[in-house]
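Here's the structure, in structure tokens; my notes come after.
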Amino acid sequence: MDQKTFDEEQKHLTQVYEKLTAADADLTARLAELNATAEADKKDILSNLRLDTADDEVQYETYGEIETWNRYIDDYNVRADAMGARLKSVKALLASPYFARVTIQFDPEEEPEDYYIGRAAFSENGYDQVVLDWRSPLAEVYYNQDNGKTYYTVDGKKVPCDLLLRRQFDLAKDVLHGYFDTQVAIEDPLLLASLQKTRTDKMQSITATIQKEQNAIIRYPDVPVMLVNGIAGSGKTSVLLQRIAYLFYHQRKTLRPENVYLMTLNPVFRQYIDNVLPDLGEENPGTMTWLEFLQYVHNPIPDPGLSTDAASLEKIDEDLPAFRLEKEDLISIRQKGKTILHTDRILEVLRRHPNLATGVRLIQVAEDELEDEIKAVLKKRREQADKTQGEEAAPADPRDENQIENDFGGAFGMVRSFGWLNLTHIAQRLLGKRRITSIEWFYLKMALTGECDRNASYVMIDEVQDYTKAQLLTLAKYFVNARFMLLGDEFQSIRDNTVTFAEIHDLFDKAGRKVTELPLRTSYRSSPEITSLFAGLLPREQRLLASSVQRPGVAPKITAFDDHASYVEALRGAIEEAAGRDGLTAVVCRDRRTFQSVVDLLGKDAIATVGRDEKLPKHGVFAIELANAKGLEFDGVILPDASAKYYPEDLLSRHCLYTALSRATTDLTVLAEGALTPLLNEAT
């Protein structure tokens, strides 16, 4: 590291930091002033504005004045939000102004230009770029990792340039600790330093260390369905979150967090990733588990439907159009317990349209006519009541319609929510079975009523290999206009009867949504020794493609014990040793049974535990089931149940073992009471 260059870079950092500090003070003062002015104006409005209804003209003037003040307040809010967003970016940059510099020459006859890249953009005077946002088109040349002739893309067009320098910085606030001039990923000092940090209860952003294969996915053009196929530790989840941030940046005017949904396997994982996007200046999208999705769509059947055969859903699509609804498939429309329309009348409405197939069109037409039927019935009842009281019928008044809607909202609500369809009974007849799962019930409802979310722009599904084909068919049908990003590793599927990647291609292709599959074959998580162990469980052709960029570490400790006492002593010793190290160590148990046996063996007070809905501790040792450890990573992993009993020689056990071993970054201890699983014999 050249001292002169170091001094020059420190001087530049100091200048940028001073500009950021000044911008922070200026924005803070301006925002405070704006808020104070807005508060004073609001008080003035409340004290002076009165609703005058003396006559129509005065009333309209009052409403006009209210509208003017509303627009005035809206303008304040817009300005405050914009100023607050800029202030948030500046404060983020004050912690670390930038992480890289590129020197680019666009024309041989012109001087090269320097660009500094950070987590957010910062400009001076509104146009002079001091720091580029990592998502900007020009920043692509940094992530391409190729010095020399390269390009970046703007609006689909390539801009050629010559990358003369790719420099990374180790800095904090206004202090430069060092710099590195690099162009090859395997020699990336910033990446290696990042990977060697101890893990915490929160995922860290990879913005400064995004690798070339990861960057290609993050910046990939929009496609109907993107399937990211990556080995354990390849950064799939990090790529997913950076992709979301990238989409928000490039679709700032049209894409909102409420237009994006992120499906996660469990609440532990959701809490683990919930800081990444906010640290990048973006809001988290709607995040939910499968069970939460069922609650979101008001599914009344409590089971998660994981045993649902996709053939049942395909049968609904194929057989429903010719299916004939009967009286038993309907429910009388009621208002406060009183019947307004009997099932006979509802069936009569449906039978008026023999040329319409059973499906969305028929049900929507029937819905409109049923509302008219209800209004007719209620008007008739009112007329009869008037005659009984000896009153003459009053002329038709449009306000009567509104009164009927208000008085009989329950009946109209039942019609509009399709409560007159006995979906369970219809499904039983259509599928020829008595027990209907939650997925079958909801899929039938969508097929009959057209219920869906047309506003969702993107649906992101992490750990897709742990979903069933029926679940994916349901999500694809519900999020009808969304683009999908699916991330997973077929070899980390830890449940029976989950979807294969070939089935993912097939089901989306049939729906007219082409699948683009992109690979991630480098493991950034684990040491070469740990990577070699879990990669040994992969098929031979996949094993040869897997690699690690970590520096050599400590060989995994694998031991089997013939007697119970020795096993217990070794387990306690491994936990005690891990407790003396920095970072997080997880005792990963294959299932609930082994999890409980380990807790009982050690004693509840001897080890912390993390359940499905609980947060990870910030450091120390804890026990967790494999299903709740999916997608997480820890400095150390202790596998306490690696025996032939719990990991027999079958495909599902192979997947579970591969997943458990690959949670570890630097330290791995594998213990077995009795014979060691035979799966490890071929992996070592």
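Remember, predicted model here, so these are calculated numbers, not experimental data.
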TODO: Check the pair Lys91 / Asp24 against salt bridge (Lys or Arg N to Asp or Glu O under 4.0 Å), numbers first and verdict last.
DONE: CA-CA 7 Å; Lys91 288 189 177 297; Asp24 178 43; 2.9 Å; yes
Open item on the list: Can you confirm whether Arg252 is buried at CZ, in the sense that more than 12 heavy atoms of other residues, nucleotides or ligands lie under 6.0 Å from that atom?
Closed with: yes
- [ ] Evaluate the ring planes of Tyr143 and Trp134, with Trp represented by its six-membered ring, and classify them as parallel (under 30°), tilted (30 to 60°) or perpendicular (over 60°).
- [x] perpendicular
Task: Note, Thr237 side chain near Leu487 side chain (heavy atom, < 4.5 Å) - done: no
- [ ] For the residue pair Arg243 and Ile217, establish whether any side-chain heavy-atom pair is separated by less than 4.5 Å.
- [x] no
Open item on the list: Does any part of the side chain of Met485, heavy atoms only, come nearer than 4.5 Å to the side chain of Tyr220, both counted from C-beta?
Closed with: no
- [ ] Evaluate the criterion side chain to side chain donor-acceptor pair (under 3.5 Å) for residue pair Glu33 and Thr37; output intermediate values, then yes/no.
- [x] CA-CA 6 Å; Glu33 182 181 355; Thr37 302; 5.3 Å; no
Task: More than 12 heavy atoms from other groups under 6.0 Å of CD on Gln15 - done: yes
Task: Heavy-atom side-chain contact between Thr585 and Asp667 under 4.5 Å - done: no
Task: Closest approach of Arg663 to Ala232 (non-hydrogen atoms, all atoms of both residues) - done: NH2-CB, 4.2 Å
Open item on the list: Would you say the rings of Phe293 and Tyr478 are close, in the sense that their centroids are separated by under 6.0 Å?
Closed with: yes
Task: Under 3.5 Å: donor-acceptor pair, side chain of Asp635, backbone of Leu584 - done: yes
Task: Presence of salt bridge, Asp2 and Lys4, under 4.0 angstrom - done: no
Open item on the list: Salt bridge check, Asp222 against Arg483: does any charged N sit closer than 4.0 Å to a carboxylate O?
Closed with: yes
Task: Exercise: do Glu463 and Gln465 side chains pair donor with acceptor under 3.5 Å - done: yes
TODO: Give a yes or no on whether the ring-centroid distance for Phe169 and His12 is below 6.0 angstrom.
DONE: no
Open item on the list: Any non-hydrogen side-chain atom of Glu113 less than 4.5 Å from a side-chain atom of Phe106?
Closed with: yes
Open item on the list: For the aromatic rings, using the six-membered ring if either is Trp, is the centroid distance between Phe634 and Phe622 under 6.0 Å?
Closed with: yes
Task: Stepwise side chain to side chain donor-acceptor pair (under 3.5 Å) test for Thr103 and Asp114 - done: CA-CA 4 Å; Thr103 301; Asp114 293 332; 2.7 Å; yes
Open item on the list: Are the side chains of Val464 and Leu227 in contact, using a 4.5 Å heavy-atom criterion?
Closed with: yes
Task: Backbone of Thr531 reached by a side-chain donor or acceptor of Ser526 within 3.5 Å - done: no
Task: Test side chain to side chain donor-acceptor pair (under 3.5 Å) applied to Asp7 and Gln3, step by step - done: CA-CA 6 Å; Asp7 292 342; Gln3 185 61 46; 2.8 Å; yes
